[in-house]
2 protein chains.
Amino acid sequence: MTDLIPVISGLSKKTDSKIVMVVLDGVGGLPMTPGGPTELEAAQTPNLDALAAHSQLGLLELVGPGLTPGSGPGHLSLFGYDPLIYTVGRGALSAVGIGVKLNAGDVAVRGNFATLGEARTVLDRRAGRPSTEKNVQIVELLQAAIPEIDNTPVEIYTESEHRFVVVFRAGTEPLGANISDVDPQVTGVPPRDAQANDEASQKTANLVNAFVQRAEAALSAEPQVNGVLFRGYSDVPHFPQFSDVYKLSAACIAGYPMYKGLASLVGMSVLDVDSVEDAPEGKLDALRQSWNDYDFFFFHVKKTDSTGEDGNFDAKVKKIEAFDAILPEILALNPDVLCIVGDHSTPSKLASHSWHPVPVLIHGGHGRSDLAARFTETEGQRGSLGLRPGTALMPLLMANALKLEKYGA
Amino acid sequence: MTDLIPVISGLSKKTDSKIVMVVLDGVGGLPMTPGGPTELEAAQTPNLDALAAHSQLGLLELVGPGLTPGSGPGHLSLFGYDPLIYTVGRGALSAVGIGVKLNAGDVAVRGNFATLGEARTVLDRRAGRPSTEKNVQIVELLQAAIPEIDNTPVEIYTESEHRFVVVFRAGTEPLGANISDVDPQVTGVPPRDAQANDEASQKTANLVNAFVQRAEAALSAEPQVNGVLFRGYSDVPHFPQFSDVYKLSAACIAGYPMYKGLASLVGMSVLDVDSVEDAPEGKLDALRQSWNDYDFFFFHVKKTDSTGEDGNFDAKVKKIEAFDAILPEILALNPDVLCIVGDHSTPSKLASHSWHPVPVLIHGGHGRSDLAARFTETEGQRGSLGLRPGTALMPLLMANALKLEKYGA
C-alpha cells in the first residue's frame, strides 16, 4: 500500500491531547473447536465490555493477507510503518531484541557457536546446543579476548543457547553490512571467509574474518564450543522518528527488551519499569508518574502472547481477564484517546503467531455508533472501523485526538 | 497495492497439505428486480449451504473498484498475480485464449481481415465481418502461402469472424514486440508500415511488413477479404511460476483453452480432461486420478458464466445447482483447504461480465466463526474474510494450509 508516513508528517500537529496505545501481545485467537469461543470470547471482561459499548471497533491486518507477523513487523505496523517497506535486518533485530542500542553506522551480526573438528571442519553448526549459562560464560571469555579489532570497538552479547550477537561500533565512517556468510549452512566443510559485496563493506568483512580467527584462538581449549559462524549482518535502520512524523513526545512502557528496542528505533523514550509481567503495578506506576511528560504512551502486555505460544487456552483467558482488572486504572488517567489492540494473533490452538486479523478498539475521540458489542474477533467484524491494514491505526488515533490537519484545501 | 509475490516467494514452504480452488466462472450476480434474489440466492444449494456453515466467507474484488475483469485478469488475480502489475499483452492473450502454447522469445500478434480498394486503401477494417467458417478457409490459404518468412516459422490461427492471430516463432534470438500498428484505425487510407520502436523489434517489424505484403498477394483473388491489419503485438509474459512462488505442484482441470493457457502461464500442469462442460464426470475423474500427484488443483466450471452472458437467470441458477450436486464428490477427497470462488461477476441482468465483487468460501484450515450463513453475495458481506482484493486469496489459502512461514522475527 501507499506509504502514509510522509503524508502524516506533513499534516500532524502538536496539541495537548494524550493518546494511550495498549498492545495486548498476540491477543487474537481462534476457537479450539468449530463453533467454540476464542480466548477473548471466553474471557470474563466486564471493564472491556463496558468500554466497547462506547468505542469504535474493528479489525487490523498487520502485515498483509495470510502473512503471520513477527513481533517486529507487527509492532512497526501498529506504529504506522508498513513492515513491507520499513524492514529491520535480522542482526539489528536480534540486537534490538536483547536491548542493545544501535547507532547509525554500526553493524550488528547474528552468530552461532559451532563445533569445529580437524582442519576447521564444521562438525555441529550449533555446538551441541549449549545452555544459555554456558553461552554467557563463552561470551565473557570472548569479550575479554576481543574488546576491539583495529580500533573498532567490538561488543558481544548472549542471545540464547548457541546464538549470540556481535556489534561492531562504527567510528567516523559508517560500516557496510553487505557481506557474505561465514556459516556454510552444512557440516563437513570449514567456515567460509566473509567477502565484501561492496566497497563500503570491505572493512566489515575484514573485522568479521579477524573476529573468527581470534575467537577460534580464544576457544581452542573448549571441547565443543570452539568455533563461530555468522550470517544475518545488518546495518542500523534509520526510521522517521515519532517526534517528526507525529509531533508526539512518546514513551514506551514495556518489560521485554525486544519491544523497548523497537520503540527506541522509532524515537520513543523507553521508561524504566519493573518488568515483572504478572505484577502490572510497575507499569501502571510508570504510566502515572510520567503522565505529564509525554503525549503518547505505548503500554505493552506480554503474557497474552506467551500463554498462546504455550497452547494454553485457559491461561491466555486468565491473562486477558488480568488486563481487564487493571483497565480502570488506565481509564482513571482520562486519556483523550485510548486504543486497545494486538500486534498479531497467537491462537492457543496453533501455539504460535498466526495471520488472523486482530481486534482493535478506539475509545474517546470522535467516533460513530458501532454495531460491535465486545472487544472480540467476531464483534470486530461488526465495528465501524472495518478490516484494515495495521498502518491505518496511528492515523486514526491522531485524527481522533484532533492532531491532524486537513489534507489539501 | 504492494506486489506480494516476492514476499510470498520468500515465506512459502512445501508441505503435504492439499488445496483445491474451484472457480465458478462469473458466478457473482445481481437481482433482476430491486429486492429480488441473485442467481446464487435463488439457487437450491443444500451442499454449499452445509459447507458455508463451517467455512470462512468473504468477498473478493479481482482487479479494482468498479473495474470489470476480463477472464485473464480475473484468473491472474485469483492466482495471486495483481493484474494491474502482471499484464498479458492482447496478442499473447488471444493466442493463449485459443490454446496456442507460446515460448519465450516468440511474438503473438492480433490481426483483422480487411477489405482493401484501389491503391491499397482500407475500405472496411473488418472485411464485412466474414463468418468464422470463411475465416478458417482464409487462414488455411494464408498458412499454405506463408509457412515461414526468412527462416522464421509463422503460425496463423483463426480467432473468430474477422479476427485472427499470428505467432512468429523465435529462433536463437528473442523477437521484440515494440512495433507500431499496421491498422490505421480509419478507412480511406492504406495500411501503415510497421515500424520498430527499439532495436530488438526491428526483425519483428520486417516480419510483419513481409507478412502483410505476402498476404495481400495470396488474397488478391478474394473480393472482400483481401488485406490484413495488425495491432496488439506482444512478447511472451514470463510470470513467476507456482513452483517458485508457492512451492506448489499445481494442476489445472479445465475445459476451455483460455483457462488452460492462463494456468500454463503460471506454471500449472494442464491435465487432459473430457471437456464436456455439462458432464462434469471427466473433470472429477481427472481430479481423482491425479490426486496423489499434485498439492494444488485449479478446478474450473464454465457454464455459470456462459448462462449469465446469455442473460438467462434461470439457466444460471440451474448451473449453480448442478455444481452443488457434484460438490460432495470433491469433498470426498478430503482436501485440507477447499476454496470456492468466482473470477468475476456475470449478472444475468447485465448479460456481461461486471465489476461486482464475488463471494469466496474457504473450508478447512484454521478459521474463525463466521456470521455468514450461505455462499451468496449478501452473506459474503458478513463473512470473517471481509472485502478484499482478489490477490489476497492465494496467501490466505497458503496460510490456512500452513504453508507460509512467519514474516520477520
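Residue numbers begin at 1 in each chain, while the letters A, B, ... track the order of the sequences.
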- prompt: CD of B/Glu329: more than 12 outside heavy atoms within 6.0 angstrom?
  reply: yes
A/Ser345 versus chain B, the contacting section by heavy-atom distance below 4.5 Å: side chain
- request: Can you tell which part of A/Pro37 gets under 4.5 Å to a heavy atom of chain B, answering side chain, backbone, both or neither?
  value: neither
field: Region of A/Leu84 that comes under 4.5 Å of a non-hydrogen atom in chain B
entry: both
Structural part of B/Leu396 lying under 4.5 Å from a heavy atom of chain A: both
message: Can you tell me which of B/Asn400, B/Leu385, B/Val7, B/Ile8 forms the most heavy-atom pairs within a distance under 4.5 Å of chain A?
response: B/Asn400
- request: Pick whichever of B/Met398, B/His366, B/Arg368, B/His54 has the most heavy-atom pairs under 4.5 Å with chain A.
  value: B/Arg368
message: Below 4.5 Å, heavy-atom pairs only: which of A/Pro34, A/Gly36, A/Pro69 has the largest tally toward chain B?
response: A/Pro69
- prompt: Just how far is it from atom CH2 of A/Trp355 to atom CG of B/Leu11, taken to the nearest 0.5 Å?
  reply: 13.0 Å
- line: Closest non-hydrogen atoms of B/Gly408 and A/Pro73, given as atom of the first, atom of the second and distance, are CA-CG, 3.9 Å
message: Less than 4.0 angstrom from a charged side-chain N to a carboxylate O is my criterion; do B/Arg388 and A/Glu61 meet it?
response: yes
- prompt: Can you name the nearest heavy-atom pair linking A/Leu387 to B/Gly386, along with the distance?
  reply: CD2-CA, 4.3 Å
Step-by-step side chain to side chain contact (heavy atoms under 4.5 Å, CB included) determination, A/Leu67 to B/Lys406: CA-CA 7 Å; A/Leu67 297 179; B/Lys406 184 162 64 173; over 6 Å; no
task: List the steps and the verdict of side chain to side chain contact (heavy atoms under 4.5 Å, CB included) for A/Gln381 and B/Ser369.
output: CA-CA 11 Å; A/Gln381 293 175 40; B/Ser369 299; over 6 Å; no
field: Side chain, backbone, both or neither of A/Pro31 within contact of chain B (heavy atoms, under 4.5 Å)
entry: side chain
query: Considering only heavy atoms, which portion of A/His356 lies under 4.5 Å from any heavy atom of chain B: side chain, backbone, both, or neither?
result: both
- line: Honestly, the part of B/Leu393 sitting under 4.5 Å from a heavy atom of chain A is neither
message: Tell me which one of A/Thr87, A/Leu62, A/Thr68 satisfies side chain to side chain contact (heavy atoms under 4.5 Å, CB included) with B/Tyr407.
response: A/Thr87
- request: Would you mind checking which part of A/Pro83 comes under 4.5 Å of any heavy atom in chain B, side chain (CB onward), backbone (N, CA, C, O), both or neither?
  value: both
